[in-house]
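In what follows, a structure is listed as structure tokens, so that the remarks can point back to it.
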Amino acid sequence: MNIASVIVDVPARQTDRTFDYLIPDRLLGYIQPGMRVKVPFGPRNVQGFVTGLKGESEFAKLKEIAETLDLTPVLNEELLKLGDWLTEKTLCYKISAFQAMLPAALKAKYEKKLALAQGVFPKDLSDSVGRLFKDSREIKWDESSLKNLLPSLQKEAAEGRIEVIHEVRDKVRKKKLKHVYPAVEKDELEKQKALLGQRAKGQEKLLCFFIDDPKPIELRELIGKLDISAASIKGLVKKGILQEEAIEVYRDPYETREFVKKKPLNLTPSQEKVIGPILSSIGEDRHEVFLLYGVTGSGKTEIYLQSIQQVLDKGEEAIVLVPEIALTPQMVTRFKERFGDLVAVMHSGLSAGEKYDEWRKIQRQEVKVVVGARSAIFAPFENLGIIIIDEEHETSYKQEENPRYHARDAAIQRAAFHRCPVVLGSATPSLESFARAQKGVYTLLNLPKRLNNKPLPPVEIVDMREELRDGNRSMFSRKLFEKLEDRLEKREQTVLFLNKRGHSSFVMCRDCGYVANCPHCDITLTYHRFNDRMKCHYCGFDEGVPSVCPECGSEHIRYFGTGTQKVEEELAKLLPHARVIRMDVDTTGRKGSHEKLLNSFQEGNADILLGTQMIAKGLDFPNITLVGVLSADTMLNLPDFRSSEKTFQLLTQVSGRAGRHDLPGEVVIQTYTPEHYSVELAGTQDFDQFYNQEMMVRKIHKYPPFYYISLVTVSHAELMKAVSVAEKITRHISLKLSEEAVVLGPVASPIPRINDRYRYQCLIKYKREPGLEKALKSILEHYQQETASGQLQISVDLNPYLLM
DNA sequence: AGCACGCCGACT
DNA sequence: GTCGGCGTGCTC
């Protein structure tokens, strides 16, 4: 077994297979599947993953593995298999699947360098080349600065005086800090203390400290604690009494926070009823998927916590997925309060290094529970006992780049391997999951009542067209405004929700109707008040606001629309005494600012919390008694078959923020389409009826959960090329599929151009098409050269959540 | 992805 | 005649 199969870090169709390498003697018995290695590949070195070991290879002249990058495998056997599954399910490259399962810090960083050959000095080279090495024997390969030296470099390299090095490194280093500890026994420390001179106050303090506690301590901490200088430590180190060493430390994003340990709460009878099947599934090592359908405030989290406790008691581990966890600090707090140091947290707000450290804690079995966003589903636990997905219906569980996986599917895959339950929790389950529960594929668990039987808040729907007819041109209906004033008077809090999607500010000419568009994408530029500029949210293009209309020359050009900033301005005008906290991408950009704003609101530093999607979930503050939705229907017009579902879910979620505690709550929903069933039924919070109605619509239009869908998007800088390739692909797919399948297109994507590339797409709806995956693979293969060069892009999404 | 090998145009 | 354009194909 001295040969390793390796998947190399070259994401291309031609290299999407294993390559065999000889394991050098010094690494024999050490290299295991799942380790990262550095291997020579063509003329350079690349990172690779060992996927298996074998005794012989069909390939005659094998190269040797250059070195290992890990001491222990970063992917265990289960995760290696899961990588294969991901590759198959999403048609991505093996290497992309592996990389998706690991923290970004472990991704290789490549650096091309020039170095002097052994025994060669700058003076041995021609003047121009020799000058490059005057400071160091190694320099970075910098295309631009070396440009005119290329011929002479080539000559020196050919004659062996300099060489090209391809370096492979981890992206992020382990964080190491200098630690100090005694080098001698306690009685020796005592002896040395007696020998110290009168003036050696610092050294005396140090010795006292270590006589008390000889454990290693971080240098800076020691200096701060004893109020001494680094020189005192140096002195003792020199005498050989103390020792210094760089020890790996974890970056702990929550280290400054104190968590008070909390006990499990008593379960209500209905909670008891629901947790029963989950606990027995855990106890019997049985894989089962539960759909925990519980209204907002029905105590789902406590079910999660107590199920996990059972798993921990069994000596197993738990994964909890939450959507964009940075946005729900309350959730993290509850887990930390219950399980303390056993919890690792993984979310997008952490730096690459912090994420890596949390991952290391899991790998080293130092934690038992991970709470995290989508990618936490790949936490390298060995004995999973439960996987929980909170807010199961959230679309952020679907990754919108390769590998385009859905965390729910990966969860079920992993749980089946570990023979443990998956709990999907939601107040508004996705249609897909609910349908599966109805069919008996998932086990449905119901929590129909809020804790303490608090009623759901009454919801009033206001028709904004009527408001307009009655001459109210403000963005607040009279009803909402009245209630706002009332809450201000009573010193209770209000949450105002603005459905921002498709509703951000833009710049328009009031005379000719010209709207500022991105010159590279067919999309309106979004206006940002804080720097008075317009920005494209797809390619990042950014431009100042023109003072005159570029079409007609009119000066009446200004920003338009109802962004949060604009609402804030209007609030300031109408209710100048109200204290408003605004939460959107602009105000929560910086790390931790989100939490700060929420804390400030919780402490009562504001009367109104104004925000977008991000305030729809997880807020649980006792003083919120009014929730206002400013525009309920802005999502309904998006080209997305899930838009009704999303609207219903969002409105229900937001409504759930009101009156969760002692004070009763109220909800006002403003809309231009009060008759739409998703708005109307969100008003009565009638999920069952919504489900029935929406299922009918899906059936008629052949959408999930009745049909599967797949989306192929073709993009190219030339319109004609994009169209013709899309056409060929569509034709090819149609030929390969059965009568039952529907192939739509090709049509221009809803955003027909992004970053100067035209986009055409083909949508496939089908029930059972065993030939589809093969057809798609052969298409990707067929166009591999053109896609490799970047000219042409073909993206395939089996089960897309965004049809853009 | 890189990089080398290989076959046709405008240049000292 | 040669330098160099980037199409094609390989990397254990």
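So you know, we letter chains A, B, ... as the sequences are listed, proteins then strands, and number each from 1.
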- prompt: Can you tell me how far C1' of C:dG9 sits from CZ of A:Arg13, to the nearest Å?
  reply: 17 Å
- line: Atom CG of A:Asp16 and atom P of C:dG9 are separated, to the nearest Å, by 19 Å
For atom CD of A:Glu111 and atom P of B:dG2, their distance in whole Å: 14 Å
message: Please determine whether ring-ring contact (aromatic ring centres under 6.0 Å, His included) holds for the pair A:His406 and A:Tyr801, giving the CA-CA distance in whole Å, both sets of side-chain angles, and the decisive distance to 0.1 Å.
response: CA-CA 10 Å; A:His406 198 297; A:Tyr801 272 69; 5.2 Å; yes
task: Please report, rounded to the nearest Å, how far the C1' atom of C:dC12 is from the CD atom of A:Glu56.
output: 15 Å
- request: For A:Phe59, report the nucleic acid contact type (base, sugar-phosphate, nothing); a contact means any heavy atom under 4.0 Å.
  value: base
field: Side-chain donor/acceptor of A:Arg13 to backbone N/O of A:Glu781, under 3.5 Å
entry: no
task: Go through the side-chain N and O atoms of A:His520 and A:Asp756 and say whether any donor and acceptor fall under 3.5 Å apart.
output: yes
task: Decide, yes or no, whether a salt bridge links A:Glu67 with A:Lys38 under the criterion of side-chain N to carboxylate O below 4.0 Å.
output: yes
task: Using atom types as modelled and distance alone, determine if a side-chain donor or acceptor of A:Arg374 lies under 3.5 Å from a backbone N or O of A:Val322.
output: no
- request: Starting from C1' on C:dC10, measure out to CZ on A:Phe19 and report it in whole angstrom.
  value: 8 Å
message: Under 4.0 Å from OP1 or OP2 of B:dA1: is there any side-chain N or O of A:Lys112 that close?
response: no
- line: Atom CD of A:Gln47 and atom C1' of B:dG2 are separated, to the nearest Å, by 17 Å
message: Closer than 4.0 angstrom, basic N to acidic O: yes or no for A:Lys398 and A:Asp409?
response: no
message: Measuring from the side chain of A:Gln785 (C-beta onward, heavy atoms only), which nucleotide among B:dA1, C:dG9, C:dC12 has the closest atom?
response: C:dG9
Distance in angstrom units between A:Gln791 CD and C:dG7 C1', rounded: 13 Å
- prompt: How is A:Arg17 classified with respect to the nucleic acid when contacts are heavy atoms under 4.0 Å: base, sugar-phosphate, or nothing?
  reply: base
message: Expressed as a whole number of angstroms, how long is the span from A:Tyr110:OH to B:dC3:C1'?
response: 15 Å
- prompt: Under the salt bridge (charged side-chain N to carboxylate O under 4.0 Å, His left out) criterion, do A:Arg404 and A:Glu400 qualify, and how do the steps go?
  reply: CA-CA 6 Å; A:Arg404 297 170 179 268; A:Glu400 285 303 341; 3.4 Å; yes
query: Considering only heavy atoms, which members of residues 33-44 of chain A lie under 4.0 Å from some atom of DNA chain B?
result: A:Pro43, A:Arg44
